[in-house]
Amino acid sequence: MRLLVVDDHQIVVKGFKYILSKAKDIEIAGEANTGEEAIKKLKQEKYDMVILDLNLPDMSGIRVLKEIKKISPNIPVLVLTMYSEKYYAIQVIRAGASGYITKDTATETLIEAINTVMKGKKYISPSITEEILDIIEKGESGAIHELLSDREI
């Protein structure tokens with residue numbers, strides 16, 4: 001499985017390499033530090049999956065995700081970010097992501113998410129899934145701005 005990792009922090013990319021070096025059949029075949037670089041690499045090479053950060057220096061991760069889906073509509077994209085708010089998870093899934101996990105995720109969970117997404121299924125961090133299920137259970141179906149955190153508002 002050939003992955004393209006899109007993150008502007010080298011320490012994060014090196015961490016991915018270390019973690020995934022222990023996983024069978026997973027290879028980081030490309031790295032991109034910006035959205036533009038990711039888009040360019042996807043046009044030039046074939047990857048099986050993209051791991052995408054939402055916070056990039058040149059454009060938003062959502063915009064990059066939408067561009068990725070234009071170039072390669074069937075490629076799975078796993079968003080791995082520091083943002084744990086449920087609104088972001090909902091937004092990226094709607095934009096075409098196959099999964100959403102936070103950077104404080106355990107190593108085993110990252111590998112589980114990658115494998116789940118590669119099987120054509122969706123994956124969302126358990127903590128965020130719980131928040132989304134709470135919204136559904138409590139019937140909070142009002143305007144989308146009601147899902148925003150104080151910081152987002």
Side-chain angles (χ1 to χ4, degrees), residues 1-133 135-136 144 147-149 152:
M1 184 178 341
R2 295 174 37 85
L3 304 182
L4 172 63
V5 176
V6 184
D7 197 300
D8 59 327
H9 296 98
Q10 283 302 306
I11 195 163
V12 173
V13 175
K14 287 181 190 282
F16 283 139
K17 284 183 177 180
Y18 176 75
I19 292 166
L20 298 178
S21 69
K22 298 176 183 198
K24 293 181 180 180
D25 303 325
I26 299 175
E27 169 197 2
I28 296 181
E31 302 171 24
N33 298 316
T34 66
E36 279 297 323
E37 189 179 350
I39 292 164
K40 184 178 178 181
K41 286 191 179 235
L42 278 168
K43 288 178 179 178
Q44 295 172 344
E45 290 185 51
K46 183 179 177 349
Y47 298 96
D48 298 311
M49 181 179 184
V50 176
I51 297 179
L52 174 66
D53 187 12
L54 284 182
N55 191 13
L56 297 169
D58 61 339
M59 63 178 76
S60 78
I62 298 289
R63 183 170 159 215
V64 175
L65 173 61
K66 289 178 180 178
E67 289 298 317
I68 288 170
K69 288 301 184 174
K70 285 180 189 174
I71 297 165
S72 186
N74 296 323
I75 193 167
V77 178
L78 176 63
V79 172
L80 181 65
T81 183
M82 67 179 174
Y83 300 116
S84 62
E85 291 89 359
K86 58 194 166 275
Y87 173 71
Y88 286 113
I90 294 167
Q91 190 177 16
V92 299
I93 296 298
R94 284 185 178 151
S98 299
Y100 185 93
I101 60 175
T102 56
K103 287 185 177 177
D104 62 355
T105 298
T107 301
E108 300 80 25
T109 306
L110 173 61
I111 293 170
E112 177 187 348
I114 290 170
N115 288 325
T116 301
V117 167
M118 282 305 298
K119 291 176 185 172
K121 298 179 181 179
K122 302 283 186 193
Y123 189 94
I124 299 177
S125 292
S127 60
I128 297 172
T129 302
E130 191 173 313
E131 288 183 36
I132 293 170
L133 291 173
I135 290 171
I136 294 168
I144 192 71
L147 299 175
L148 297 174
S149 69
E152 290 167 331

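Computed from a predicted structure; not experimentally measured.
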Rounded to the nearest 0.5 Å, the CD1 atom of Ile28 sits from the OH atom of Tyr47 at a distance of 11.5 Å
Is it true that a side-chain atom of Lys66 and a backbone atom of Ala95 form a donor plus acceptor pair closer than 3.5 Å?
-> no
How long is the gap from CD on Glu36 to CD on Glu67, to the nearest 0.5 Å?
-> 8.0 Å
Evaluate the side-chain proximity of Val92 to Val77: yes if any heavy-atom separation is below 4.5 Å, no if none is.
-> no
So how far is it from Asp25 CG to Asp48 CG, rounded to the nearest 0.5 Å?
-> 10.5 Å
Could you pull out the closest heavy-atom pair between Val13 and Asp7, with the gap in Å?
-> CG2-O, 3.9 Å
To the nearest 0.5 Å, how far apart are OG1 in Thr102 and CG in Leu80?
-> 7.5 Å
Tyr123 vs Thr109 side-chain heavy atoms within contact, under 4.5 Å | yes
Is any NZ, NE, NH1 or NH2 atom of the basic residue among Glu37 and Lys40 found under 4.0 Å from an Asp or Glu carboxylate oxygen of the other?
-> no
Is there a side-chain contact between Phe16 and Leu110, using heavy atoms and a 4.5 Å cut-off?
-> yes
Side-chain contact, heavy-atom cut-off 4.5 Å: Met82 with Val12?
-> no
Between Lys69 and Ile75, is there a donor-acceptor pair closer than 3.5 Å when you use the side chain of the first and the backbone of the second?
-> yes
Kindly compute the distance separating CD1 (Ile114) from CE (Met1), expressed to the nearest 0.5 Å.
-> 7.0 Å
Got Ile39 and Met59 here, is their nearest side-chain heavy-atom distance under 4.5 Å?
-> yes
Which pair of heavy atoms, one from Ile93 and one from Ser98, lies closest together, and at what distance?
-> CD1-C, 4.3 Å
Answer yes or no: does atom CZ of Arg63 have more than 12 heavy-atom neighbours from other residues, nucleotides or ligands under 6.0 Å?
-> no
Between CD1 on residue Ile101 and CG on residue Leu78, distance to nearest 0.5 Å | 4.5 Å
Hey, does the side chain of Asp53 reach the backbone of Val6 with a donor-acceptor pair shorter than 3.5 angstrom?
-> no
Is there a side-chain contact between Asp8 and Thr34, using heavy atoms and a 4.5 Å cut-off?
-> no
Heavy-atom closest pair (Ile128 atom, Ala89 atom, distance to 0.1 Å) is CG2-CB, 3.6 Å
Side chain to side chain contact (heavy atoms under 4.5 Å, CB included) between Lys46 and Arg2: does it pass, once the steps are laid out?
-> CA-CA 8 Å; Lys46 183 179 177 349; Arg2 295 174 37 85; 5.6 Å; no
Residue pair Ile111 / Leu20, side-chain heavy-atom distance below 4.5 Å | yes
Looking only at heavy atoms, what is the nearest atom pair of Thr105 and Ser125, with distance?
-> OG1-OG, 4.1 Å
Compare all side-chain heavy atoms of Leu4 with those of Glu45 and state whether any distance is below 4.5 angstrom.
-> no
Greater than 12 external heavy atoms within 6.0 Å of Lys14's NZ | no
